[in-house]
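Have a look at the structure below before the remarks.
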Amino acid sequence: MTHPRTSPATPDADPESHPPTEGHPPTDAHSPAEGNPPTEGNPPTEGHPPTEGHPPTESPLPAERQADGKPLALTPPAELRAHLAARLHSAARAWLHRALDEAAANPGTHGPISVWELRIAEAGRRCGPDHADAARVLILHAARADTDALSRVYFQGTGAERRAVLQALPHLVPGPQALPLVEDALRTNDTRLLAAAVGPYAARHLDSHQWRHAVLKCLFTGVHVETVAELDRRAHRDTELARMLGDYAAERTAAGRPVPEDLYRVLTLTDPTATPPAPAAQRGTRGTDGKES
């Protein structure tokens with residue numbers, strides 16, 4: 001995370017280091033950036049799929065950034081902490097425990113920047129890139145960050161820190177107050193940020209118009225629709241989404257471009273004659289590999 005700025009920042013490359021190895025605690029040296037800053041793109045407009053542009057600069061969020069295949073946004077903090085404690089090097093584990101204690105003792109905002117915000121900025125090099133997202137989500141939860149604090153971290157943070165904020169929203173914000181953060185993420189072509197943005201918070205609070213365009217944005221950028229939380233429920237019997245998907249498929253076909261396989265899956269879900277999906281509690285939590293847990 002960067003120091004406070006006078007205007008919202010665009011997502012930065014995140015200098016995450018390699019995971020610490022036994023006997024070698026993390027150092028403060030900078031490591032290669034995760035990727036180039038994502039290119040801002042316009043969200044799809046009504047009836048018109050997004051214009052083809054430069055390919056996304058990042059790939060969708062990998063499975064190793066989740067707790068045993070379960071999305072971070074759906075993992076209870078206690079379970080997430082146990083997951084990290086079992087996998088971190090001893091020095092990284094001790095750092096995380098201190099960071100969480102600090103956050104719990106100093107919640108909210110203290111001065112221009114809170115101590116827990118500094119720990120969020122350190123998480124990449126302390127815990128390694130495979131566990132940094134989870135560590136940041138835990139720190140935000142321990143600090144009981146409200147919408148104002150989450151917005152500050154999001155707009156002043158790197159792409160990785162923004163992901164953590166989006167993944168922490170279901171844990172911390174019960175109402176729609178944080179939707180501007182989701183809407184901002186959906187305007188980017190950063191596929192990792194998009195994958196985090198279409199989680200359970202978006203499924204709960206995005207209106208139908210915004211949600212449909214979020215699905216089309218995923219199809220356009222190559223984010224697997226398995227990432228879209230509650231896709232079965234929200235797409236079921238959505239005839240307007242079916243029309244938009246059909247228009248998008250027709251435009252791609254006319255331009256000689258392939259139609260994403262995921263589009264047909266979503267289109268099938270919109271079929272009014274299909275059997276309604278089972279409640280989430282019955283069908284379990286679906287991971288990015290398509291398996292239920």
Shortest non-hydrogen contact from Ser151 toward Leu181
OG-CD2, 3.8 Å

Locate the shortest heavy-atom distance separating Ala164 from Arg136; write the atom from each residue and the value.
CB-CB, 3.4 Å

Would you confirm whether Tyr248, through its side chain, and Val259, through its main-chain N or O, come within 3.5 Å as a donor-acceptor pair?
no

Sub-4.5 Å side-chain heavy-atom contact between Arg252 and Pro258
yes

Looking only at heavy atoms, what is the nearest atom pair of Leu263 and Ala249, with distance?
CD2-CB, 4.1 Å

pair Glu122-Trp95: side-chain heavy atoms closer than 4.5 Å
yes

Is it the case that Arg93 and His97 place a side-chain donor and acceptor less than 3.5 Å from each other?
no

Let me confirm one number: the CG-CZ distance from Leu166 to Arg192, rounded to the nearest 0.5 Å.
14.0 Å

Derivation and outcome, side chain to side chain contact (heavy atoms under 4.5 Å, CB included), residues Gln210 and His213
CA-CA 5 Å; Gln210 293 174 307; His213 285 286; over 6 Å; no

Between the side chains of Glu240 and Arg212, is the shortest nitrogen-to-carboxylate-oxygen separation below 4.0 Å, so that they form an ion pair?
no

Please test His205 against Val182 for side chain to side chain contact (heavy atoms under 4.5 Å, CB included), starting from the C-alpha separation and ending with a verdict.
CA-CA 10 Å; His205 297 295; Val182 174; over 6 Å; no

Side-chain heavy atoms of Leu88 within contact of His131, under 4.5 Å:
yes

Trp211 vs Arg234 side-chain heavy atoms within contact, under 4.5 Å:
yes

Determine, stepwise, if the pair His171 / Val137 fulfils side chain to side chain contact (heavy atoms under 4.5 Å, CB included).
CA-CA 9 Å; His171 302 291; Val137 169; 4.0 Å; yes

Out of Val198, Asp262, Val266, which residue meets the side-chain contact (heavy atoms from CB on, under 4.5 Å) rule with Cys218?
Val198

Roughly how far, to the nearest 0.5 Å, is CZ of Phe220 from CG of Leu194?
10.5 Å

Should Glu117 and Val153 count as side-chain neighbours, where that means a heavy-atom distance under 4.5 Å?
yes

Nearest non-hydrogen partners of Trp116 and Asn106, listed with the distance:
CD1-O, 3.2 Å

So, the side chain of His224 versus the backbone of Glu226: is there a donor-acceptor pair under 3.5 Å, distance only?
no

Would you name the heavy atoms of Pro170 and Pro200 that are closest together and state the gap between them?
CG-CG, 3.7 Å

Under the salt bridge (Lys or Arg N to Asp or Glu O under 4.0 Å) rule, what do Arg187 and Asp184 come out as? Steps first, then yes or no, please.
CA-CA 5 Å; Arg187 287 192 289 269; Asp184 179 85; 3.6 Å; yes

Pair His236, Thr270 - check side chain to side chain contact (heavy atoms under 4.5 Å, CB included), show working.
CA-CA 5 Å; His236 185 67; Thr270 66; over 6 Å; no

To the nearest 0.5 Å, tell me how far Glu261 CD sits from Leu219 CG.
11.5 Å

First locate atom OG1 of Thr75, then atom CG of Leu72, and finally report the distance between them rounded to the nearest 0.5 Å.
5.5 Å

Derivation of the salt bridge (Lys or Arg N to Asp or Glu O under 4.0 Å) call for Arg257 and Glu251:
CA-CA 9 Å; Arg257 298 190 177 101; Glu251 289 189 19; over 6 Å; no

Ignoring hydrogens, what is the shortest heavy-atom contact between Arg163 and Leu193? Give both atom names and the distance.
N-CD1, 3.7 Å

Evaluate the side-chain proximity of His141 to Leu138: yes if any heavy-atom separation is below 4.5 Å, no if none is.
no

Is a side-chain N or O of Tyr201 found less than 3.5 angstrom from the main chain of Ala73, in a donor-acceptor match?
no

Got Lys217 and Asn189 here, is their nearest side-chain heavy-atom distance under 4.5 Å?
yes

Are the charged groups of Arg152 and Asp148 less than 4.0 angstrom apart, N to O?
no

Atom CG of Leu216 and atom CG of Leu241: how far apart are they, to the nearest 0.5 Å?
7.0 Å

Just wondering, do Leu231 and Arg265 contact through their side chains at under 4.5 Å, heavy atoms?
yes

Atom pair CD/CD1 of Glu161 and Ile139 - distance to nearest 0.5 Å:
10.0 Å

